[in-house]
Amino acid sequence: MKLLTPGTVPEATAMLRDSGGRAKPIAGATDVFVHWPVRVPADDEIFIDLSGLAELRPHRWTDDELILGALTTYWDVITDPRAAEEFAILVQAARTVGSIQIQTRGTWAGNIANASPAADGVPALMARDAVVELTSAEGVEQVPLDAFYLGYKRFVMKPDQLITAIRLPRRPHHFESFIKVGTRRAQAITKVGVAIAHSDAGWRIVANSMAPTVRRCRALEEALDDQAPLRSPNDFTPLLTRDLAPIDDIRSTAAYRLGVLARVLYHELAPVCGSVGPSGAAS
Ligand SMILES: Cc1cc2nc3c(=O)[nH]c(=O)nc-3n(C[C@H](O)[C@H](O)[C@H](O)COP(=O)(O)OP(=O)(O)OC[C@H]3O[C@@H](n4cnc5c(N)ncnc54)[C@H](O)[C@@H]3O)c2cc1C
């Protein structure tokens with residue numbers, strides 16, 4: 001195995017290009033180490049260690065955006081009081097990831113690129129209209145996170161591209177919430193997860209572990225934007241199935257996932273809206 005250690009982003013993207021797309025970037029390595037190649041022939045794998053690229057580490061605030069670097073960890077966000085004020089949903093989601101050890105090493109960019117349908121950082125970022133900055137030796141591209149995934153573990157990022165930043169518009173929110181349902185409160189893979197955000201840009205409802213990718217529930221978002229009456233969890237189900245496709249697997253069943261998500265959403269949204277929709281009574 002080869003481990004490459006670039007000193008700058010251009011060096012890293014040149015290494016990616018020169019490997020013909022074979023090299024794999026490593027950030028916090030919390031996902032990469034799970035699949036660490038202990039039995040493949042040594043020359044089969046090339047890794048590019050991004051951890052020395054200081055320019056990718058910090059997150060920063062501009063007048064309009066919060067910009068997470070590709071090496072910004074969950075812990076960096078949890079410990080920033082400004083993030084708790086303006087991006088509470090990111091802090092809520094970050095606190096559900098693994099354990100403190102994972103939160104101090106794992107990065108938001110690694111969560112996006114690992115492309116797990118159960119990723120907990122991605123729904124919160126997507127609910128806040130995150131844009132992913134992709135950099136290659138050829139240049140820089142900006143991709144809305146809700147257009148990043150093409151299917152299970154497939155995305156628009158090309159093998160010669162790196163995530164170099166995640167940009168989040170700073171926008172006042174009337175409501176936001178992140179709910180993770182798992183077998184316990186720490187070190188649990190999500191069975192059902194959802195990020196909910198409401199601003200003047202409309203509702204965002206983003207589910208994880210409910211489809212081959214983390215996905216926006218656009219039919220439900222439209223119904224909420226139109227103030228359609230949603231009087232019971234049963235009213236949520238047909239809207240959710242237009243966008244989601246949960247499966248039976250070792251952790252849960254499709255029916256359980258859908259039933260729980262509909263109930264979680266109903267109970268989160270009913271108190272916020274007074275009633276869900278103009279004529280619906282919260283109960
Ligand atoms: C014990 C344990 C518990 C966990 N619990 C959770 C949990 O509760 N919720 C959750 O969502 N995840 C969880 N994870 C998974 C993991 O911690 C997260 O997905 C984390 O955000 C990955 O970030 P990383 O920096 O460690 O990524 P890495 O492991 O370094 O990389 C992950 C993938 O992203 C790619 N990559 C990394 N950075 C870049 C970049 N800048 N550009 C392009 N590609 C890149 C890598 O090539 C790799 O394919 C857990 C992992 C462990 C080991």
Side-chain angles (χ1 to χ4, degrees), residues 3-9 12 24-38 47-62 65-128 130 132-133 135 145 148 157 162-168 170 176-191 193 195 206 208-209 214:
L3 181 66
L4 307 178
T5 53
T8 62
V9 170
K24 200 175 170 67
I26 307 179
T30 60
D31 274 314
V32 169
F33 270 1
V34 173
H35 307 285
W36 195 244
V38 285
F47 292 95
I48 301 180
D49 181 6
L50 304 179
S51 64
L53 302 180
E55 65 212 273
L56 296 183
R57 179 68 209 264
H59 63 287
R60 59 188 196 279
W61 299 84
T62 68
E65 290 180 321
L66 165 62
I67 304 171
L68 307 180
L71 293 176
T72 300
T73 64
Y74 300 105
W75 198 248
D76 293 329
V77 171
I78 289 170
T79 51
D80 181 343
R82 216 163 157 187
E85 257 174 47
E86 281 194 43
F87 288 88
I89 198 168
L90 293 192
V91 177
Q92 288 171 22
R95 285 196 177 282
T96 74
V97 173
S99 57
I100 289 176
Q101 290 89 336
I102 298 295
Q103 291 162 17
T104 55
R105 280 204 69 92
T107 62
W108 298 87
N111 200 238
I112 293 174
N114 189 53
S116 165
D120 291 313
V122 177
L125 294 170
M126 208 183 277
R128 292 295 301 250
V132 185
E133 180 184 283
T135 304
L145 181 54
F148 185 83
M157 181 171 66
L162 274 182
I163 298 175
T164 39
I166 304 160
R167 321 181 80 93
L168 295 143
R170 291 175 72 180
E176 52 183 359
S177 178
F178 178 83
I179 299 105
K180 169 170 174 170
V181 179
T183 43
R184 53 184 179 255
R185 287 178 71 81
Q187 297 288 26
I189 298 179
T190 299
K191 292 182 184 195
V206 187
N208 55 332
S209 290
V214 174

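As a basis for the values below, the full set of heavy atoms in this structure was taken, side chains included, without hydrogen atoms, waters or symmetry mates.
- Here the closest heavy-atom approach between residue Ile166 and residue Ala109 is recorded as CD1-N, 3.8 Å.
- Between Gly7 and Leu53, the shortest heavy-atom distance links the atoms C-CD2, 3.3 Å.
- Put simply, the side chain of Ile48 reaches to within 4.5 Å of the side chain of Pro6, judged on heavy atoms.
- Test Asn111, Thr104, Thr79, Thr107 against Tyr74 for side chain to side chain contact (heavy atoms under 4.5 Å, CB included) and you get one pass: Asn111.
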Please step through side-chain contact (heavy atoms from CB on, under 4.5 Å) for the pair Gln103 and Ile78, ending with a clear verdict. CA-CA 9 Å; Gln103 291 162 17; Ile78 289 170; 3.5 Å; yes

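- For the residue pair Phe178 and Ala93, the shortest heavy atom distance occurs at CD2-CA, 3.6 Å.
- How far CZ of Arg60 is from CD1 of Ile67: 4.0 Å, rounded to the nearest 0.5 Å.
- By the 4.5 Å heavy-atom criterion applied to side chains, Arg95 and Val97 are not counted as neighbours.
- Residues Val77 and Phe87 are not in side-chain contact: their nearest non-hydrogen atoms beyond the backbone lie 4.5 Å or more apart.
- Defined by atom type and a distance below 3.5 Å, a donor-acceptor pair is present between the side-chain atoms of Asp120 and Asn208.
- Across Arg184 and Ala186, no two heavy atoms sit closer than the pair NE-O, 3.0 Å.
- Nearest heavy-atom pair, Ala195 versus Pro123, reported as atom, atom and distance to 0.1 Å: CB-O, 3.4 Å.
- Counting only heavy atoms from C-beta outward, the side chains of Asp49 and Leu4 never approach each other to under 4.5 Å.
- Between the side chains of Trp75 and Asp80, no donor-acceptor pair is found at a separation under 3.5 Å.
- Counting heavy atoms from C-beta outward, Arg128 and Ile89 have side chains that approach closer than 4.5 Å.
- No side-chain donor-acceptor contact under 3.5 Å links Glu133 to the backbone of Thr164.
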Do Ile163 and Thr135 pass the side-chain contact (heavy atoms from CB on, under 4.5 Å) test, and can you show the C-alpha distance, the side-chain angles, and the key distance before you say yes or no? CA-CA 6 Å; Ile163 298 175; Thr135 304; over 6 Å; no

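- Trp61 has its side chain within reach of Arg170: a pair of non-hydrogen atoms, C-beta onward, lies under 4.5 Å apart.
- The closest side-chain heavy-atom distance from Val9 to Glu55 is below 4.5 Å.
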Take Gln187 and Ser99 through the test side-chain contact (heavy atoms from CB on, under 4.5 Å) and record every step on the way to the result. CA-CA 6 Å; Gln187 297 288 26; Ser99 57; 3.4 Å; yes

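- In this structure, CG in Leu66 is found 7.0 Å from CG in Leu90, a value given to the nearest 0.5 Å.
- Using a 4.5 Å cut-off on side-chain heavy atoms (C-beta onward), Arg105 and Thr73 make no contact.
- For Ser51 (side chain) and Ala27 (main-chain N/O), no donor-acceptor pair under 3.5 Å exists by modelled atom type.
- Distance check: Leu68 CG to Asp76 CG gives 9.0 Å after rounding to the nearest 0.5 Å.
- Between the side chain of Lys191 and the backbone N or O of Val181 there is no donor-acceptor pair closer than 3.5 Å.
- No donor-acceptor pair under 3.5 Å is formed between the side chain of Lys180 and the backbone N or O of Gln92.
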Apply side-chain contact (heavy atoms from CB on, under 4.5 Å) to the pair Val214 and Val206, showing each step before the final yes or no. CA-CA 7 Å; Val214 174; Val206 187; 3.5 Å; yes

